[in-house]
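Since the structure comes first, as structure tokens, the remarks are kept for the end.
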Amino acid sequence: MTDQSQIDALRDKPIPPQNLLIDGELCQSASGATDDVISPLNGALLTTTPAGTREDTERAIQAARRAFDDKRWRGMPPAARKKIMLRWADLLEENMLDLAVLGVRNNGTEIGMALKAEPGSAIATIRFYAEAIDKVYGEIAPTADDVMGLIHKEAVGVVAAIIPWNFPLMIGAWKLGPALAAGNSVVLKPSETASLSLIRMAELALEAGLPPGVLNVVTGEGKIVGETLSHSMDVDVIVFTGSGATGRRLLQASAASNMKRCYLELGGKSANVVFADTKNLSEAAAVSAAGIFRNSGQVCVAGSRLLVERSIHDDFVAELAKAAAAIRVGDPLDLTTQAGAVNNPTQLAQNLAFVETAQAEGGTLYHGGNQILQDTGGYFMEPTIITDVAEDHTVAQKEVFGPVLAVTPFEDEGDAIRLANSTDYGLAGGVWTSDLSRAHRMVREMRTGVVHVNTYGGPDVTVPMGGVKQSGNGHDKSLHAFEKYFDLKTAWFKL
Ligand code: NAD
């Protein structure tokens, strides 16, 4: 168990200027330019990261290409790759608290959640794929006797992994685990506003024995580093988690360059549907509140639309507001905090603007709505509930990516299904009911990648994670994630 004094001992630990990782070497950008890293906890300068240029990115791509072509990693027996990756997971575990605190100082997630969802989940993910890789077989096709068809699984090549600010270690591990286990080389591009823990994670991979050039890290701006990766003729696959706007640019860049595959994990506007027959409505209210307000709503699968059956609407929303009021927002490094900081001032301003628009369009500000704790110098916002939200309101259609819940009543199951599916997104959702048949019907009818039943949040690495519609394509997590990182090759023999 972590105690508060261990966290406090690390809270002001100096962070040296950070490096790029290219071809096994830690280095500065060739231009010498750096970006300031500002803490969302208090607005203070934490350190600097290299402002990666096109040349730096190209160098990293070529290092990854060489590492792939000379087979220094993919040519190792899977059991040998597994050993190195398990050592990496052990090193991550030894550094777990350091990684968690470093990440929180950089991105603002509350430490209680960060410990589990960041290094905790990253370690489990790296171990999962390390353990799996020497159990992946090719296939023999069911052919006639005079021929033989073999299906080989081969590493794809150079993978560019582009990561957002929320949960950088967890989402980073969802890409790095299967990509590296399968034998690919990777160029990793962390978010401008949450790179520190990922850089450290990559350094530990080198320490664990990952050969030089197999994992490279280039920090810097999306429009420089990200664009160079997406337009490169030497990158074979892009795996991306982030906004729809960036996802669209990646698809365009792929079409304009080498038609590299793009797997996109994008945003959501997930419906959490509460039926009147729910067994424990207070529990449903508390879990639904956590499902939108933890990490100050910066969770791609957040249940940001509450659809509630009209007969229980008023009582349920009152109960939910009580739960929201009880959420402790504040110092992300305090173990008792339940919702930390908003990652950056631009996002905070965007959240507040959504609240204004919601009211201007006819929504009612039922709870919260304000920036708080300004005296800290950090970026904090109250859990916010907007009621009387109609299906076509902006707050019902657009992802806020902040602690803002839009509430809409529904009449019956058909109405709930229609409303749940009424956005361009399809990432996650929830259903609360005591009717088992209705739960199964809702799971079938909701057009999303994940449906939670009588809970919200928590699926682990054993199940796939991905969106439908404009929430993306392809899957992270589970053995299905390997599908992105292997090519299938057929060998056809005449016997
Ligand atoms: P973002 O799209 O702004 O940035 C994500 C990454 O893309 C960053 O590393 C950024 O530098 C890079 N990038 C920006 N412009 C680029 C360009 N032109 N070319 C290439 N790369 C570029 O997203 P964000 O604001 O960091 O993250 C929040 C978004 O991520 C939300 O929409 C959220 O829902 C989504 N998200 C989705 C999932 C999921 O699994 N579906 C998980 C977490 C977050």
Side-chain angles (χ1 to χ4, degrees), residues 21-26 60 63-100 118-139 152-161 163 168-188 197-217 236-237 239 460-462 476-489:
L21 172 57
I22 300 178
D23 215 2
E25 301 289 333
L26 298 171
R65 186 85 259 160
R66 281 193 302 278
F68 186 79
D69 289 348
D70 71 15
K71 298 173 82 170
R72 70 187 78 164
W73 176 241
R74 75 182 156 114
M76 279 187 193
R81 296 205 296 270
K82 163 179 166 173
K83 205 166 161 192
I84 291 173
M85 289 186 68
L86 288 177
R87 201 178 304 141
W88 183 22
D90 290 345
L91 287 175
L92 291 167
E93 193 159 35
E94 281 166 30
N95 288 273
M96 184 156 167
L97 190 59
D98 259 314
L99 281 162
E118 281 284 273
S121 130
I123 294 159
T125 300
I126 299 299
R127 287 204 174 118
F128 181 89
Y129 292 105
E131 290 288 1
I133 196 58
D134 58 355
K135 293 144 194 105
V136 173
Y137 291 78
E139 293 166 28
H152 293 269
K153 291 184 179 165
E154 296 187 336
V156 180
V158 174
V159 174
I163 311 297
L169 291 182
M170 178 176 79
I171 295 172
W174 289 352
K175 320 287 189 204
L176 294 178
L180 292 172
N184 298 283
S185 303
V186 178
V187 180
L188 178 71
S197 55
L198 261 181
I199 296 171
R200 183 74 191 121
M201 182 175 176
E203 289 170 359
L204 291 172
L206 270 194
E207 218 176 299
L210 197 73
V214 174
L215 172 58
N216 306 273
V217 183
D236 300 290
V237 184
V239 285
D460 64 16
V461 68
T462 59
D476 283 329
K477 306 201 305 176
S478 82
L479 295 180
H480 291 285
F482 276 132
E483 289 157 21
K484 300 191 285 196
Y485 303 105
F486 280 127
D487 267 329
L488 297 183
K489 179 187 277 174

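The shown structure was predicted, so the numbers you read here are calculated from the model rather than taken from an experiment.
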* Minimum heavy-atom separation for Tyr129 to Ala181, with atom names? -> O-CB, 3.7 Å

* Would you call Met76 and Ile84 a side-chain contact if the rule is heavy atoms closer than 4.5 Å? -> yes

* Structure fact -> Rounding to 0.5 Å, atoms CD (Glu118) and CD1 (Ile123) come to a distance of 10.5 Å

* Structure fact -> The reported gap from CG in Leu204 to CD in Glu93 (rounded to nearest 0.5 angstrom) is 12.5 Å

* Asked: Any idea which heavy atoms bring Arg74 and Asp69 closest together, and the distance?
  -> NH2-O, 3.6 Å

* **Crowding at NZ, Lys153 (>12 non-hydrogen neighbours, <6.0 Å)** => yes

* So, for Gly177 and Met85, which heavy atoms are closest and what is the spacing to 0.1 Å? -> O-CE, 3.5 Å

* Between Asp134 and Arg81, is there a salt bridge with N-O shorter than 4.0 Å? -> no

* Asked: Under 4.5 Å between any side-chain heavy atoms of Lys175 and Leu180, yes or no?
  -> no

* To do: Starting at CD1 of Ile133, measure out to CG of Leu479 and round the result to the nearest 0.5 Å.
  => 9.5 Å

* Asked: So do Asn95 and Glu203 actually touch side chain to side chain, heavy atoms under 4.5 Å?
  -> no

* Distance-minimising heavy-atom pair for Ala161 and Val186 -> CB-CG1, 4.3 Å

* Asked: Can Asp90 and Arg127 be said to form a side chain to side chain contact (heavy atoms under 4.5 Å, CB included), step by step?
  -> CA-CA 9 Å; Asp90 290 345; Arg127 287 204 174 118; 2.8 Å; yes

* Asked: Closest heavy-atom contact between Asp476 and Ala481?
  -> C-CB, 4.0 Å

* Check step by step if side chain to side chain contact (heavy atoms under 4.5 Å, CB included) holds for Leu169 and Met201. => CA-CA 8 Å; Leu169 291 182; Met201 182 175 176; 3.6 Å; yes

* Check whether any side-chain heavy atom of Leu99 sits under 4.5 Å from a side-chain heavy atom of Arg200, and report yes or no. => yes

* **Leu488 and His152, any side-chain heavy atoms less than 4.5 Å apart** => no

* Asked: Is the side chain of Arg72 donor-acceptor paired with the backbone N or O of Pro212 at a distance under 3.5 Å, no angle test?
  -> yes

* Asked: Stepwise, does the side chain to side chain contact (heavy atoms under 4.5 Å, CB included) test hold for Asp236 with Arg65?
  -> CA-CA 10 Å; Asp236 300 290; Arg65 186 85 259 160; 2.9 Å; yes

* Asked: Salt bridge check: are Asp70 and Arg66 linked by an N-O gap of less than 4.0 Å?
  -> no

* Asked: Taking the side chain as C-beta and beyond, is there a heavy-atom pair between Trp174 and Val239 under 4.5 Å?
  -> no

* Should Lys477 and Thr125 count as side-chain neighbours, where that means a heavy-atom distance under 4.5 Å? -> no

* If you look at every heavy atom in Val156 and Phe68, which pair is closest and at what distance? -> C-CZ, 4.0 Å

* Is the side chain of Asn184 donor-acceptor paired with the backbone N or O of Ala179 at a distance under 3.5 Å, no angle test? -> yes

* To do: Any chance you could lay out the side chain to side chain contact (heavy atoms under 4.5 Å, CB included) test for Leu91 and Glu94, step after step, and finish with the verdict?
  => CA-CA 5 Å; Leu91 287 175; Glu94 281 166 30; 3.8 Å; yes

* **Residue pair Trp88 / Leu176, side-chain heavy-atom distance below 4.5 Å** => yes

* **Identified side chain to side chain contact (heavy atoms under 4.5 Å, CB included) counterpart of Leu215 within the set Val187, Leu188, Leu206** => Leu188

